[in-house]
Amino acid sequence: MILYCCEDKAFPVFGGKQKIGRRTDMEKKYEAQAIEGKWQKKWEEEKTFQVTEDPEKEKFYSLEMFPYPSGNLHMGHVRNYSIGDVVARFKRMQGYNVLHPMGWDSFGLPAENAAIKNKVHPVEWTLSNMDNMRRQLKSLGISYDWDREVATCLPDYYKFTQWSFLQLYKNGLAYKKKAAVNWCPSCATVLANEQVVDGECERCHTAVEKKNLSQWFFKITDYAQRLLDDLAELPGWPQKVKTMQENWIGRSTGVEIDFKVENSDQTISVFTTRPDTVHGVTFMVFAPEHPLVEELVAGTEYEGAVKVFQKKMQHLSAVDRTSADLEKEGIFIGKYVINPLNGDRIQLWITNYVIMDYGTGAVMGVPGHDQRDFDFAKKYGIDIKVVITPPENPQLKAEELAEAYVEEGNLVASGRFDGLNNKKAIEAIADDLSERGLGRRVVNYRLRDWLISRQRYWGAPIPIVYCEKCGTVPIPEDQLPVLLPTDVEFKPGGASPLKTSKSFMDATCPICGHHATREVDTMDTFVCSSWYYLRYTDPKNEAEAFQREKCDYWMNVDQYIGGVEHAILHLMYSRFFMKVFYDLGFCKAKEPFRNLLTQGMVLKDGTKMSKSLGNVVSPEAIIEKYGADTARLFILFASPPEKDLEWNDAAVEGCYRFLNRVWRLVLAQAENKDTAYDIAALSKEDKDVRRKIHATIKKVTDDISERFNFNTAISAIMELNNTLAAYGEKEHKNSALLKEGFDALTVLLSPFAPHITEELWQRTGHTTAIIDTPWLTYAEDALAVDEVEIVVQVNGRLKGKLMAPCGLDKGGLEDFVKSSEIFAAQTKGVEVKKIVCVPDKLVNIVVTPKD
RNA sequence: GCGGGCGUGGCGGAAUUGGCAGACGCGCCAGACUUAGGAUCUGGUGGGUAACCGUGCAGGUUCAAGUCCUGUCGCCCGCACCA
């Protein structure tokens with residue numbers, strides 16, 4: 001006989017009895033799934049969360065990063081959307097007109113890979129995934145206005161992604177150029193700089209190669225300075241994210257200096273942040289792929305060797321090429337340039353440590369004062385010149401250097417700048433160079449233009465045709481969308497699948513009507529997600545991407561919530577789009593997201609949940625077992641939102657038990673119709689309970705709205721529950737007060753566990769839904785106390801506690817303590833040096849032994 | 001290498017402004033109800049017999065430090081030959 005098993009049927013002997021008991025308890029038992037289904041159906045049918053613009057009401061736009069429809073919700077989603085739902089429901093109960101939409105970032109590679117693998121069209125695969133995930137999302141009971149759902153892969157959406165492209169194109173912000181771009185051989189497409197992580201594709205971790213291709217770019221570099229400056233207008237963003245963007249933009253101020261090539265009219269410009277070291281230049285280095293190299297070396301005895309070196313560099317992977325550990329290597333190319341300040345003859349080299357696409361691709365070598373140049377010069381026996389000396393050693397010689405001298409100091413061997421402090425010399429020499437036309441002050445950014453072309457099918461087609469007569473021609477706006485064709489072959493690797501579509505390729509020029517070929521690349525999916533928050537404000541508009549009035553009513557997003565992994569990519573691209581749209585007069589918002597919350601990861605056994613590790617906890621299984629309310633409660637309770645969260649099955653059980661306890665205790669009040677009580681007539685114990693109720697209202701409100709500390713909000717609710725449970729057992733209890741307490745508890749819990757609280761609210765006789773109940777405000781008078789506990793310390797160590805009247809000032813408190821027994825006991829035989837009093841809190845008696 | 005963050009019971013975490021360290025939950029222990037417990041309820045639970053000791057470690061400031069300062073170790077994240 002199986003005695004202890006999970007199923008009811010495992011109690012063959014006593015099962016019958018058990019079941020009878022249960023049947024009569026049916027109404028009483030907490031049946032999470034039934035309750036959740038009931039309310040979700042109601043919300044859907046009554047369109048509870050549908051919103052429209054209402055100028056009478058203050059708006060609140062609460063947004064969570066929309067998911068890629070991979071097929072199944074994972075715990076990271078559950079966390080993201082649970083956090084967002086607390087904010088949205090809370091703000092709504094506070095009376096805001098809350099916009100809380102959801103949609104799908106539904107273009108992208110996995111759909112196409114699935115198409116190659118399973119012979120399913122990407123659209124089918126994607127739409128069925130969306131259906132499944134929509135169902136899963138609904139089973140979580142998130143308060144979305146589903147009428148505003150958008151999917152970036154549908155023509156009514158990507159029509160306006162294409163329209164956005166055209167706006168950028170018309171304004172000179174989209175251009176095509178041939179460049180050495182990042183190519184992921186596994187994804188068979190190019191990648192933006194931001195999508196290359198440690199030289200690898202951020203998606204599949206394949207080593208990225210360099211390819212020379214003609215590709216479309218967005219001119220995000222035009223906005224570098226504003227993207228940097230406006231970070232200051234985002235106090236509601238985590239500093240960490242702002243710092244990451246700052247670093248990514250990488251502003252650097254310096255001077256571009258022109259060096260004349262010996263026996264030639266040519267000049268070579270270099271960028272430097274250290275013009276104070278120009279007199280110490282002993283060589284100049286080019287990036288191997290610098291276009292001037294070929295010209296300079298042509299016909300010289302060095303030509304062959306240089307070509308060999310260039311080839312070698314080309315074959316290095318991007319990882320190795322940019323690694324700081326890579327041994328510096330270079331080769332002299334047989335030419336010299338002239339130092340504009342002192343006329344020195346300087347050797348020209350090419351090297352692996354100079355990057356072509358930063359600055360000018362050429363760098364002046366100052367081995368005395370730059371460690372990289374020092375390493376290089378040592379290796380190849382190039383002269384080292386000291387031009388800055390430390391104040392304590394003004395005679396510093398190059399031979400003494402074990403490494404480059406990079407600290408502050410005074411200039412030597414620098415002509416009329418000798419003796420000048422080098423910080424001042426930076427300015428002085430920069431001015432001198434500018435005045436004499438030998439250079440100019442410039443600002444450089446690390447940020448590069450955004451490469452948006454992708455050699456893939458499942459993305460928004462770039463609305464461009466190439467006409468033999470008219471050249472590159474944009475599709476007129478009234479002819480959008482350029483639809484994705486269906487007669488496409490999906491083959492692994494290779495060129496853009498769109499090339500295989502006859503119907504797509506065969507186009508006519510919108511200007512001259514002659515034959516034209518279409519652009520076959522599609523747009524990076526980050527283009528689609530750079531403006532979706534705007535589409536939510538007017539999702540059904542067929543004529544425009546969004547109506548300005550609607551956009552201006554809802555924007556900015558008041559609270560944006562998502563993973564920190566988007567700190568640069570998505571968040572910077574979105575900021576860029578917003579600024580372009582602002583400049584073009586489409587909206588009044590300059591920044592998309594006023595406040596940003598970056599949630600931590602959900603871990604299991606200390607690491608990220610992943611299929612390959614087999615440590616995935618399925619949200620659906622948890623919902624099936626405990627219900628959505630338990631899942632949400634656990635995820636919000638276990639850790640503050642920004643921190644990583646360790647999944648713990650036992651702790652989930654704990655949350656389930658808590659909800660069951662709430663269920664029983666609140667239902668026990670179902671027949672309690674007492675509502676009024678006389679505050680003046682409350683006993684001390686009653687007052688303590690009333691204080692707890694109102695202190696909890698205050699704490700939960702503060703924790704949700706000011707700190708996003710949902711874990712402490714929930715623990716406060718648990719405390720209130722414990723207090724009320726104990727109070728309910730008392731003989732002399734005030735039932736109206738008890739009722740007030742449980743009502744408050746139900747309301748406070750509702751943003752976290754919306755279904756069970758809605759059900760309890762109804763069962764305890766309320767006729768309006770809890771979601772339509774105004775959020776609670778606490779009564780100031782309830783928080784007041786007559787007596788406070790004063791901590792008594794001696795020399796900073798806790799010695800005891802003392803009840804004292806509330807509100808005593810320092811002097812009053814000191815007098816009060818001096819007359820206490822504990823004071824007498826603690827000061828016996830010692831000398832009191834000082835008494836520190838903190839009103840209503842603490843007294844510290846400083847004593848020394850009597851001698 | 002540079003920049004940022006974090007180190008608190010067996011575990012997740014709390015301590016919001018320098019003022020009782022360990023709220024709340026998990027786990028564990030004991031008890032109640034029970035043929036039974038995995039349900040539910042009650043009590044206990046940092047270490048130490050105690051004085052006391054305890055927030056990674058070592059100093060410092062202060063009447064008072066998890067919180068501030070200096071140094072150091074460890075972990076995590078971002079950037080990384082950016083001239």
Side-chain angles (χ1 to χ4, degrees), chain A residues 3-6 11 13-14 18 197-198 238-248 250-252 254 270-274 277 285 321-328 351-355 357-366 370-373 375-376 444-447 564-565 567-568 633-634 637-640 642-655 657-658 660-661 664 699 702-703 706-707 709 711-719 721-722 725-726 729 789-801 833-838 841-847:
Chain A
L3 268 181
Y4 315 125
C5 185
C6 298
F11 294 87
V13 178
F14 312 102
Q18 200 83 16
V197 178
D198 296 329
Q239 188 53 50
K240 178 190 161 87
V241 174
K242 288 192 279 189
T243 305
M244 282 167 73
Q245 293 212 353
E246 239 171 75
N247 291 340
W248 192 262
R251 181 190 150 104
S252 147
V270 296
F271 173 74
T272 182
T273 54
R274 296 292 305 275
T277 65
V285 269
R321 176 76 168 76
T322 53
S323 157
D325 309 324
L326 184 70
E327 164 112 26
K328 289 172 183 46
T351 176
N352 56 356
Y353 77 89
V354 174
I355 294 163
D357 51 3
Y358 183 77
T360 64
V363 173
M364 62 185 209
V366 187
D370 181 288
Q371 191 56 39
R372 296 156 300 181
D373 297 342
D375 296 342
F376 191 76
N444 251 304
Y445 299 92
R446 212 188 72 107
L447 181 73
V564 74
E565 65 274 17
I568 294 169
L633 195 69
F634 165 73
F637 177 60
S639 181
E642 305 87 348
K643 284 183 72 172
D644 286 350
L645 177 152
E646 172 73 24
W647 188 266
N648 179 339
D649 290 319
V652 178
E653 294 266 4
C655 288
R657 277 206 293 273
F658 169 70
N660 270 287
R661 217 145 45 221
R664 280 194 311 273
K699 170 139 185 79
D702 289 351
D703 280 356
E706 275 157 42
R707 305 202 307 157
N709 279 15
N711 54 334
T712 52
I714 293 167
S715 87
I717 296 170
M718 288 172 168
E719 282 185 55
N721 192 48
N722 293 343
E729 295 295 312
E789 195 180 63
I790 299 291
V791 170
V792 181
Q793 295 179 339
V794 173
N795 288 345
R797 290 185 219 197
L798 179 70
K799 289 296 175 187
K801 288 163 190 182
K833 285 282 197 190
K834 188 175 169 186
I835 300 178
V836 180
C837 294
V838 182
K841 258 190 191 148
L842 160 147
V843 170
N844 188 12
I845 307 159
V846 185
V847 302

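Just so we're clear, the structure is a prediction, and the values are computed from it rather than from any experiment. Scope of the values below: all heavy atoms of this structure, side chains included, with no hydrogens, waters or symmetry mates. Chain letters run A, B, ... following the sequence lines, proteins first and then strands; every chain starts at 1.
The NZ atom of Lys699(A) sits 8.5 Å away from atom CD of Glu719(A), with the distance rounded to the nearest 0.5 Å. From Asp703(A), atom CG reaches atom CG of Asn711(A) across 8.0 Å, with rounding to the nearest 0.5 Å. The distance from the OG1 atom of Thr712(A) to the CZ atom of Phe637(A) is 10.0 Å, given to the nearest 0.5 Å. Rounding to the nearest 0.5 Å places CG of Asn660(A) at 10.5 Å from CD of Glu653(A). For the atom pair CD1 (Ile714(A)) and CZ (Phe634(A)), the distance works out to 10.5 Å, reported to the nearest 0.5 Å. Atom CG in Asn444(A) sits 4.0 Å away from atom CZ in Phe271(A) (nearest 0.5 Å).
In this structure, of C81(B), A14(B), U16(B), it is U16(B) that holds the atom nearest to the side chain of Asp703(A). Closest to the side chain of Lys834(A), out of C79(B), C63(B), A15(B), is C63(B). With distances taken from any side-chain atom of Arg657(A) to the nucleotides A83(B), G13(B), G27(B), the minimum falls on G27(B).
Comparing Ala638(A) and Thr243(A) by the nucleotide of RNA chain B whose heavy atom lies nearest to each, the residue mapping closer to the 5' end is Thr243(A). Between Lys643(A) and Lys799(A), the residue whose closest nucleotide on RNA chain B is further toward the 5' end is Lys643(A).
One atom, CD of Glu246(A), and another, C1' of C2(B), lie 14 Å apart when rounded to the nearest Å. The CG-P distance, from Asp644(A) to C76(B), rounds to 12 Å in whole Å. One interatomic measurement links the two molecules: CZ of Arg251(A) to P of A83(B), which rounds to 13 Å at whole-angstrom precision. Rounded to whole Å, the distance from CD on Gln245(A) to P on G4(B) is 18 Å. Straight-line distance from the CG atom of Asn648(A) to the P atom of G27(B): 8 Å, rounded to whole Å. Remark: C1' of G13(B) and CZ of Arg707(A) are 13 Å apart, rounded to the nearest angstrom. C77(B) atom P lies 17 Å from atom CG of Asn247(A), rounded to whole Å. The distance from atom CG of Asp375(A) to atom P of A83(B) is 17 Å, rounded to the nearest whole Å.
Listed here is the closest heavy atom pair of Ala362(A) and Val354(A): N-CG1, 4.3 Å. Nearest heavy-atom pair across Asn352(A) and Glu327(A) is ND2-O, 2.9 Å. Across Val791(A) and Lys801(A), no two heavy atoms sit closer than the pair CA-CG, 4.5 Å.
Nucleotides G47(B) and A36(B) have their P atoms positioned 32 Å apart, rounded to a whole Å. Taking the C1' atom of each, U55(B) and A23(B) are spaced 16 Å apart, rounded to whole Å. Comparing U17(B) with C81(B), their P atoms are spaced 39 Å from each other, to the whole Å. If you take atom P in C68(B) and the same atom in G18(B), they sit 8 Å apart, rounded to whole Å. Rounded to whole Å, the separation between the C1' atoms of G12(B) and A39(B) comes to 24 Å. Distance check on atom P: G22(B) versus G4(B) gives 33 Å, rounded to whole Å. When the C1' atom is compared between G54(B) and C20(B), the two are found 15 Å apart, to the nearest whole Å. Only the P atoms considered, C41(B) is 36 Å distant from G56(B), to the nearest whole Å.
Heavy atoms of Lys699(A) sit under 4.0 angstrom from at least one base atom. Residue contacts for Gly654(A): at a heavy-atom cut-off of 4.0 Å it reaches the sugar-phosphate backbone alone, with no base atom in range. Asn444(A) comes within 4.0 angstrom of nothing in the nucleic acid, heavy atoms only.
The phosphate of A83(B) has neither OP1 nor OP2 within less than 4.0 Å of any side-chain N or O from Tyr353(A). One finds a side-chain N or O of Arg664(A) lying less than 4.0 angstrom from the OP1 or OP2 phosphate oxygen of C41(B). Close to A83(B), at under 4.0 Å from its OP1 or OP2, lies a side-chain N or O of Ser252(A). Distances shown here put a side-chain N or O of Arg446(A) below 4.0 Å from the OP1 or OP2 atom of A80(B).
Relative to the six-membered ring of Phe376(A), Lys328(A) misses at least one condition, a distance below 6.0 Å or an angle of at most 45° to the axis.
Remark: Gln371(A) pairs with Phe374(A), Asp375(A), Glu403(A), Ala404(A) by the side-chain contact (heavy atoms from CB on, under 4.5 Å) rule, at least two apart or across chains.
Its glycosidic angle being more than 90° from 0, G59(B) falls on the anti side.
With Cys837(A) as the partner, the side chain to side chain contact (heavy atoms under 4.5 Å, CB included) test is satisfied by one option alone out of Asn844(A), Ile790(A), Ile845(A), Val843(A): Val843(A).
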Sugar-phosphate or base contact per nucleotide [nucleotides 18-24 of chain B; S, B, -; heavy atom under 4.0 Å]: -BB--BB

Secondary structure of RNA chain B in dot-bracket form (Watson-Crick or G-U wobble, distances below 3.5 Å, | marking inter-strand pairs): (((((((..(((......[....)))((((((.......))))))((....))..(((((..]....))))))))))))....

